[in-house]
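Read the structure below first, then the notes.
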Amino acid sequence: MPEPADHQRPLLPLVAAHAHPAPTEERPLAGLRYVDIETSRYCNRTCSWCPNEHTTARRAQQLMDWHLFAKITAELATAGFAGFFAFHNYNEPLANPRLFDEIAQVRRDIPEASPAIYTNGDLLSRTTVERLGEEGVKYLRVTRYPHRANVLPTFEALRRWLTKTKLLDGMDWQFTRVRQGLAATWIDPARGMKVEVIRPAIATYNDRGGTAAVPLAAPTRTAPCQMTDTSLSVDFRGQMKMCCNVVPDVTEHHRYVVGNVADHTLAELWMHPTMVDWRERHALADWSRSPGCATCPQVLPETRR
(Lines give C-alpha, C1' and ligand atoms only; values in the text may rest on other atoms or scores of the structure.)
Protein backbone atom coordinates (compact mmCIF):
# COMPACT_ATOMS: atom_id res chain seq x y z
CA MET A 1 0.00 0.00 0.00
CA PRO A 2 1.34 3.47 -0.78
CA GLU A 3 2.26 5.78 2.02
CA PRO A 4 -0.05 8.74 2.59
CA ALA A 5 1.02 12.05 1.13
CA ASP A 6 1.67 14.35 4.08
CA HIS A 7 3.59 17.22 2.51
CA GLN A 8 0.80 19.70 3.31
CA ARG A 9 0.11 18.19 6.74
CA PRO A 10 -3.32 19.80 7.25
CA LEU A 11 -5.36 19.57 10.40
CA LEU A 12 -8.57 17.60 10.19
CA PRO A 13 -11.61 19.76 9.42
CA LEU A 14 -13.26 21.29 12.43
CA VAL A 15 -16.32 19.61 13.90
CA ALA A 16 -18.97 22.18 14.78
CA ALA A 17 -21.04 19.97 17.08
CA HIS A 18 -20.01 21.77 20.29
CA ALA A 19 -17.96 24.65 21.56
CA HIS A 20 -14.98 23.02 23.24
CA PRO A 21 -12.79 24.65 25.89
CA ALA A 22 -9.25 25.50 24.86
CA PRO A 23 -6.37 23.94 26.79
CA THR A 24 -5.13 26.10 29.62
CA GLU A 25 -1.52 27.18 29.91
CA GLU A 26 -1.27 25.47 33.28
CA ARG A 27 -2.72 22.09 32.21
CA PRO A 28 -2.71 21.79 28.41
CA LEU A 29 -2.57 17.98 28.48
CA ALA A 30 -4.63 17.27 31.57
CA GLY A 31 -5.73 13.64 31.81
CA LEU A 32 -2.99 12.32 29.55
CA ARG A 33 -1.56 9.15 31.08
CA TYR A 34 0.24 7.46 28.21
CA VAL A 35 2.09 8.50 25.04
CA ASP A 36 3.24 6.35 22.12
CA ILE A 37 6.01 8.23 20.31
CA GLU A 38 7.08 6.07 17.39
CA THR A 39 10.67 7.24 17.17
CA SER A 40 11.67 4.80 14.42
CA ARG A 41 10.05 3.15 11.42
CA TYR A 42 11.45 -0.36 10.96
CA CYS A 43 10.01 -3.63 12.25
CA ASN A 44 11.83 -6.92 11.75
CA ARG A 45 8.61 -8.97 11.62
CA THR A 46 5.62 -9.22 9.29
CA CYS A 47 2.96 -11.07 11.27
CA SER A 48 -0.31 -11.87 9.51
CA TRP A 49 -2.35 -10.37 12.37
CA CYS A 50 -0.48 -7.04 12.14
CA PRO A 51 -0.92 -4.25 9.56
CA ASN A 52 2.82 -4.57 8.80
CA GLU A 53 2.03 -7.77 6.88
CA HIS A 54 -0.03 -5.81 4.39
CA THR A 55 2.25 -2.85 3.67
CA THR A 56 5.93 -2.38 2.82
CA ALA A 57 6.14 0.80 4.91
CA ARG A 58 7.97 -0.87 7.81
CA ARG A 59 10.66 -2.69 5.89
CA ALA A 60 13.09 0.25 5.87
CA GLN A 61 14.50 2.13 8.83
CA GLN A 62 13.84 5.82 9.33
CA LEU A 63 14.29 7.71 12.58
CA MET A 64 12.05 10.51 13.75
CA ASP A 65 13.75 13.86 13.19
CA TRP A 66 15.65 14.61 16.41
CA HIS A 67 14.46 18.22 16.56
CA LEU A 68 10.88 16.97 16.35
CA PHE A 69 11.53 14.41 19.08
CA ALA A 70 13.07 17.11 21.29
CA LYS A 71 10.07 19.38 20.63
CA ILE A 72 7.75 16.60 21.85
CA THR A 73 9.73 15.95 25.04
CA ALA A 74 9.97 19.69 25.76
CA GLU A 75 6.22 20.15 25.40
CA LEU A 76 5.50 17.16 27.62
CA ALA A 77 7.91 18.59 30.19
CA THR A 78 6.13 21.95 30.14
CA ALA A 79 2.82 20.13 30.63
CA GLY A 80 4.20 18.28 33.67
CA PHE A 81 3.62 14.89 32.05
CA ALA A 82 4.05 12.06 34.57
CA GLY A 83 2.71 9.04 32.69
CA PHE A 84 4.22 6.30 30.54
CA PHE A 85 6.36 7.27 27.55
CA ALA A 86 6.66 4.42 25.01
CA PHE A 87 9.06 4.49 22.05
CA HIS A 88 6.92 2.37 19.77
CA ASN A 89 3.78 1.73 17.81
CA TYR A 90 4.23 -0.34 14.64
CA ASN A 91 8.03 -0.36 14.87
CA GLU A 92 10.52 -2.52 16.77
CA PRO A 93 12.22 -0.12 19.21
CA LEU A 94 15.22 -2.38 19.90
CA ALA A 95 16.17 -2.06 16.21
CA ASN A 96 16.54 1.69 16.71
CA PRO A 97 20.29 2.52 16.97
CA ARG A 98 19.43 5.75 18.80
CA LEU A 99 17.12 4.24 21.43
CA PHE A 100 19.33 4.77 24.48
CA ASP A 101 19.94 8.41 23.50
CA GLU A 102 16.18 8.87 23.31
CA ILE A 103 15.66 7.27 26.72
CA ALA A 104 18.29 9.61 28.17
CA GLN A 105 16.53 12.61 26.60
CA VAL A 106 13.22 11.61 28.18
CA ARG A 107 14.87 11.10 31.57
CA ARG A 108 16.45 14.58 31.36
CA ASP A 109 13.45 16.48 30.01
CA ILE A 110 10.59 14.62 31.73
CA PRO A 111 11.98 13.14 34.95
CA GLU A 112 8.49 12.28 36.24
CA ALA A 113 7.67 10.20 33.16
CA SER A 114 8.07 6.40 33.09
CA PRO A 115 9.91 5.19 29.97
CA ALA A 116 8.35 2.02 28.55
CA ILE A 117 9.62 -0.40 25.91
CA TYR A 118 7.32 -2.72 23.94
CA THR A 119 9.25 -5.27 21.90
CA ASN A 120 8.83 -8.61 20.14
CA GLY A 121 11.98 -9.78 21.94
CA ASP A 122 13.90 -11.01 18.90
CA LEU A 123 16.74 -8.58 19.63
CA LEU A 124 16.60 -8.86 23.41
CA SER A 125 19.27 -10.36 25.68
CA ARG A 126 19.89 -10.37 29.40
CA THR A 127 22.53 -7.67 28.89
CA THR A 128 19.97 -5.46 27.15
CA VAL A 129 17.41 -6.02 29.91
CA GLU A 130 19.98 -4.99 32.50
CA ARG A 131 20.97 -1.89 30.56
CA LEU A 132 17.36 -0.83 30.07
CA GLY A 133 16.90 -0.96 33.82
CA GLU A 134 20.09 1.00 34.40
CA GLU A 135 18.96 3.68 31.94
CA GLY A 136 15.70 4.23 33.81
CA VAL A 137 13.12 2.19 31.89
CA LYS A 138 10.21 1.42 34.20
CA TYR A 139 8.23 -1.03 32.08
CA LEU A 140 9.45 -3.59 29.55
CA ARG A 141 6.84 -5.63 27.72
CA VAL A 142 8.08 -8.51 25.56
CA THR A 143 5.41 -10.09 23.35
CA ARG A 144 6.55 -13.49 22.11
CA TYR A 145 4.32 -14.01 19.12
CA PRO A 146 3.72 -17.54 17.78
CA HIS A 147 4.64 -18.49 14.23
CA ARG A 148 0.99 -19.15 13.35
CA ALA A 149 -2.15 -17.43 14.56
CA ASN A 150 -3.81 -20.67 15.69
CA VAL A 151 -0.99 -21.69 18.07
CA LEU A 152 -2.20 -21.46 21.66
CA PRO A 153 0.08 -20.03 24.35
CA THR A 154 1.76 -22.31 26.91
CA PHE A 155 3.85 -21.64 29.98
CA GLU A 156 6.41 -24.07 28.61
CA ALA A 157 6.94 -21.83 25.57
CA LEU A 158 7.55 -18.91 27.91
CA ARG A 159 10.10 -20.90 29.93
CA ARG A 160 11.92 -22.04 26.79
CA TRP A 161 12.36 -18.45 25.62
CA LEU A 162 13.45 -17.23 29.06
CA THR A 163 16.02 -20.03 29.16
CA LYS A 164 17.26 -19.26 25.64
CA THR A 165 17.81 -15.59 26.49
CA LYS A 166 19.43 -16.46 29.86
CA LEU A 167 16.67 -14.65 31.74
CA LEU A 168 15.23 -17.58 33.67
CA ASP A 169 17.99 -18.11 36.25
CA GLY A 170 18.33 -15.71 39.15
CA MET A 171 15.07 -13.90 38.49
CA ASP A 172 11.89 -14.53 40.47
CA TRP A 173 9.42 -14.90 37.60
CA GLN A 174 5.70 -15.12 38.34
CA PHE A 175 3.66 -17.07 35.78
CA THR A 176 0.05 -15.94 35.40
CA ARG A 177 -2.85 -15.64 32.98
CA VAL A 178 -3.43 -12.18 31.53
CA ARG A 179 -5.95 -10.64 29.15
CA GLN A 180 -3.79 -11.38 26.09
CA GLY A 181 -2.87 -14.97 27.04
CA LEU A 182 -0.10 -16.10 29.42
CA ALA A 183 2.64 -14.05 31.02
CA ALA A 184 5.83 -14.29 33.04
CA THR A 185 6.46 -11.21 35.17
CA TRP A 186 9.55 -10.08 37.07
CA ILE A 187 10.23 -6.84 38.94
CA ASP A 188 13.82 -5.70 39.28
CA PRO A 189 14.24 -5.30 43.06
CA ALA A 190 17.08 -2.79 42.64
CA ARG A 191 15.60 -0.46 40.03
CA GLY A 192 11.87 -1.18 40.11
CA MET A 193 11.60 -1.97 36.41
CA LYS A 194 8.69 -4.31 35.65
CA VAL A 195 9.39 -6.89 32.93
CA GLU A 196 6.41 -8.70 31.44
CA VAL A 197 6.90 -11.46 28.88
CA ILE A 198 3.62 -12.36 27.19
CA ARG A 199 2.76 -15.36 25.05
CA PRO A 200 -0.45 -14.14 23.41
CA ALA A 201 -3.54 -15.85 22.12
CA ILE A 202 -3.96 -14.16 18.74
CA ALA A 203 -7.73 -14.68 18.92
CA THR A 204 -7.80 -11.87 21.51
CA TYR A 205 -6.34 -9.37 19.02
CA ASN A 206 -8.29 -6.70 17.14
CA ASP A 207 -8.21 -5.96 13.43
CA ARG A 208 -6.74 -2.45 13.90
CA GLY A 209 -9.69 -0.77 12.25
CA GLY A 210 -9.81 -3.26 9.38
CA THR A 211 -6.08 -3.14 8.56
CA ALA A 212 -5.07 -6.54 9.98
CA ALA A 213 -6.29 -10.11 9.52
CA VAL A 214 -7.29 -11.74 12.82
CA PRO A 215 -8.72 -15.24 13.31
CA LEU A 216 -12.07 -14.21 14.78
CA ALA A 217 -14.38 -11.46 13.63
CA ALA A 218 -15.19 -9.18 16.53
CA PRO A 219 -18.79 -8.16 17.20
CA THR A 220 -19.72 -4.51 17.11
CA ARG A 221 -18.30 -2.89 20.21
CA THR A 222 -20.81 -1.68 22.79
CA ALA A 223 -18.38 -0.75 25.57
CA PRO A 224 -17.03 2.82 25.79
CA CYS A 225 -13.38 3.49 24.96
CA GLN A 226 -10.98 5.62 26.98
CA MET A 227 -8.04 5.47 24.59
CA THR A 228 -8.74 8.91 23.11
CA ASP A 229 -9.18 10.29 26.62
CA THR A 230 -5.91 9.09 28.13
CA SER A 231 -3.50 8.15 25.31
CA LEU A 232 -1.65 10.22 22.72
CA SER A 233 -0.02 8.58 19.71
CA VAL A 234 2.49 10.12 17.25
CA ASP A 235 4.06 8.20 14.36
CA PHE A 236 7.66 8.51 13.10
CA ARG A 237 6.66 11.27 10.66
CA GLY A 238 5.29 13.39 13.50
CA GLN A 239 1.65 12.67 12.66
CA MET A 240 -0.62 12.63 15.70
CA LYS A 241 -3.29 9.94 15.33
CA MET A 242 -6.67 9.36 16.90
CA CYS A 243 -5.16 6.42 18.81
CA CYS A 244 -2.40 3.80 18.58
CA ASN A 245 -4.58 1.49 16.43
CA VAL A 246 -4.57 3.95 13.53
CA VAL A 247 -2.36 2.96 10.56
CA PRO A 248 -1.64 6.06 8.42
CA ASP A 249 -0.03 3.90 5.72
CA VAL A 250 -3.53 2.69 4.84
CA THR A 251 -5.74 5.04 2.82
CA GLU A 252 -8.85 4.34 4.87
CA HIS A 253 -7.09 5.60 7.99
CA HIS A 254 -6.03 9.00 6.65
CA ARG A 255 -9.18 10.41 8.25
CA TYR A 256 -7.81 9.50 11.69
CA VAL A 257 -4.66 11.65 11.46
CA VAL A 258 -5.25 14.90 13.36
CA GLY A 259 -2.18 16.88 12.25
CA ASN A 260 1.60 17.03 12.47
CA VAL A 261 3.57 17.94 15.60
CA ALA A 262 6.05 19.80 13.38
CA ASP A 263 3.34 22.36 12.64
CA HIS A 264 1.32 22.41 15.84
CA THR A 265 1.82 21.89 19.55
CA LEU A 266 0.76 18.65 21.21
CA ALA A 267 -1.82 20.64 23.16
CA GLU A 268 -3.33 22.12 19.98
CA LEU A 269 -3.69 18.68 18.45
CA TRP A 270 -4.89 17.04 21.68
CA MET A 271 -7.61 19.67 22.09
CA HIS A 272 -8.48 20.00 18.40
CA PRO A 273 -12.30 19.95 18.10
CA THR A 274 -12.25 16.75 16.05
CA MET A 275 -10.15 15.00 18.70
CA VAL A 276 -12.44 16.27 21.44
CA ASP A 277 -15.49 15.15 19.47
CA TRP A 278 -14.04 11.63 19.14
CA ARG A 279 -13.30 11.62 22.86
CA GLU A 280 -16.85 12.56 23.79
CA ARG A 281 -18.41 10.08 21.37
CA HIS A 282 -16.14 7.21 22.42
CA ALA A 283 -17.16 7.73 26.04
CA LEU A 284 -20.71 6.92 24.85
CA ALA A 285 -19.64 4.02 22.57
CA ASP A 286 -20.63 6.12 19.55
CA TRP A 287 -18.52 5.10 16.53
CA SER A 288 -20.42 7.17 13.94
CA ARG A 289 -17.43 9.48 13.33
CA SER A 290 -14.83 6.71 13.65
CA PRO A 291 -16.25 3.56 12.02
CA GLY A 292 -12.90 1.81 12.30
CA CYS A 293 -13.50 1.63 16.06
CA ALA A 294 -16.63 -0.49 15.76
CA THR A 295 -14.80 -3.85 15.82
CA CYS A 296 -11.98 -2.89 18.19
CA PRO A 297 -11.98 -4.68 21.57
CA GLN A 298 -8.94 -2.74 22.86
CA VAL A 299 -8.93 -1.93 26.55
CA LEU A 300 -6.42 0.15 28.44
CA PRO A 301 -3.24 -1.88 29.00
CA GLU A 302 -1.99 -2.57 32.50
CA THR A 303 0.59 0.22 32.26
CA ARG A 304 -2.13 2.84 31.96
CA ARG A 305 -3.79 2.15 35.29
Side-chain angles (χ1 to χ4, degrees), residues 3-12 23 28-43 51-52 57-58 61-93 95-96 98-99 101-103 105-106 109-110 113-118 208-209 211 227-250 253-272 274-276 278-279 290 292 298 300-301 303-304:
E3 294 184 32
D6 65 344
H7 57 281
Q8 294 181 334
R9 299 199 296 246
L11 280 167
L12 280 173
L29 298 174
L32 185 62
R33 296 160 57 188
Y34 190 95
V35 297
D36 287 312
I37 307 300
E38 189 182 67
T39 57
S40 62
R41 177 180 184 175
Y42 173 73
C43 182
N52 289 354
R58 301 300 169 150
Q61 183 62 287
Q62 180 179 345
L63 303 184
M64 175 180 281
D65 180 83
W66 183 265
H67 295 291
L68 182 59
F69 175 67
K71 178 179 183 290
I72 290 171
T73 61
E75 291 180 12
L76 290 171
T78 299
F81 178 66
F84 284 88
F85 187 110
F87 302 79
H88 88 295
N89 197 186
Y90 292 106
N91 60 320
E92 169 48 55
N96 177 358
R98 201 180 62 186
L99 177 62
D101 292 333
E102 295 171 359
I103 295 171
Q105 174 85 1
V106 169
D109 279 8
I110 329 171
S114 296
I117 302 294
Y118 287 59
R208 305 279 184 170
T211 65
M227 297 284 284
T228 47
D229 195 42
T230 61
S231 308
L232 183 153
S233 185
V234 177
D235 78 357
F236 67 93
R237 305 174 186 89
Q239 297 179 127
M240 182 176 147
K241 311 181 297 179
M242 179 183 70
C243 78
C244 63
N245 289 308
V246 170
V247 186
D249 306 302
V250 178
H253 278 208
H254 292 186
R255 69 175 84 178
Y256 302 129
V257 175
V258 186
N260 199 290
V261 182
D263 305 320
H264 308 276
T265 67
L266 290 175
E268 287 171 340
L269 296 173
W270 181 249
M271 292 302 294
H272 184 271
T274 298
M275 189 71 192
V276 175
W278 277 326
R279 197 172 294 139
S290 55
Q298 180 82 36
L300 298 181
T303 51
R304 301 184 196 186

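Any value given below was found using the heavy atoms of this structure, including those in side chains, with hydrogens, waters and symmetry copies removed.
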Subject >> Cationic N near anionic O, under 4.0 Å, D249 to R41 >> reply: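 Looking at D249 and R41, the cut-off is not met.
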Subject >> Short N-O contact, K241 and E38, less than 4.0 angstrom >> reply: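 A salt bridge is absent here (no side-chain N lies under 4.0 Å from a carboxylate O).
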Close side-chain approach of [X] and [Y], heavy atoms under 4.5 Å:
| X | Y | value |
| --- | --- | --- |
| V258 | T274 | no |
| E102 | S40 | no |
| I37 | F85 | yes |
| F81 | L29 | no |

Is a donor on one side and an acceptor on the other found under 3.5 Å between the side chain of [X] and the backbone of [Y]?
| X | Y | answer |
| --- | --- | --- |
| Y90 | C244 | yes |
| N91 | N89 | yes |
| R98 | M64 | yes |
| R255 | S290 | no |
| Q61 | A95 | yes |
| Q239 | V257 | no |
| H88 | P93 | no |

How many angstroms lie between atom [atom1] of [X] and atom [atom2] of [Y], to the nearest 0.5 angstrom?
| X | Y | atom1 | atom2 | result |
| --- | --- | --- | --- | --- |
| I72 | L76 | CD1 | CG | 7.5 Å |
| M227 | D36 | CE | CG | 7.5 Å |
| I117 | E92 | CD1 | CD | 9.0 Å |
| T265 | M240 | OG1 | CE | 10.0 Å |
| E75 | D109 | CD | CG | 11.5 Å |

Closest contact, heavy atoms only, [X] versus [Y]:
| X | Y | result |
| --- | --- | --- |
| R237 | N260 | O-ND2, 3.1 Å |
| N96 | L63 | OD1-CD2, 3.3 Å |
| L269 | G259 | CD2-CA, 3.8 Å |
| L32 | T230 | CD1-O, 3.4 Å |
| V106 | P115 | CG1-CG, 4.3 Å |
| R279 | W270 | NH2-O, 2.9 Å |

Original post:
Taking only residues two or more places apart in sequence, or in another chain, which ones meet S114 in a side chain to side chain contact (heavy atoms under 4.5 Å, CB included)?
Top reply: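 Testing S114 for side chain to side chain contact (heavy atoms under 4.5 Å, CB included), a comparison that skips the adjacent residues, returns F84, K138.
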**OP:** Mind telling me whether W66 and F69 have parallel, tilted or perpendicular rings, with 30° and 60° as the class edges?
**Re:**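 Tilted.
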**OP:** Would you check, one step at a time, whether the test side chain to side chain contact (heavy atoms under 4.5 Å, CB included) holds for H272 with W278?
**Re:** CA-CA 10 Å; H272 184 271; W278 277 326; over 6 Å; no
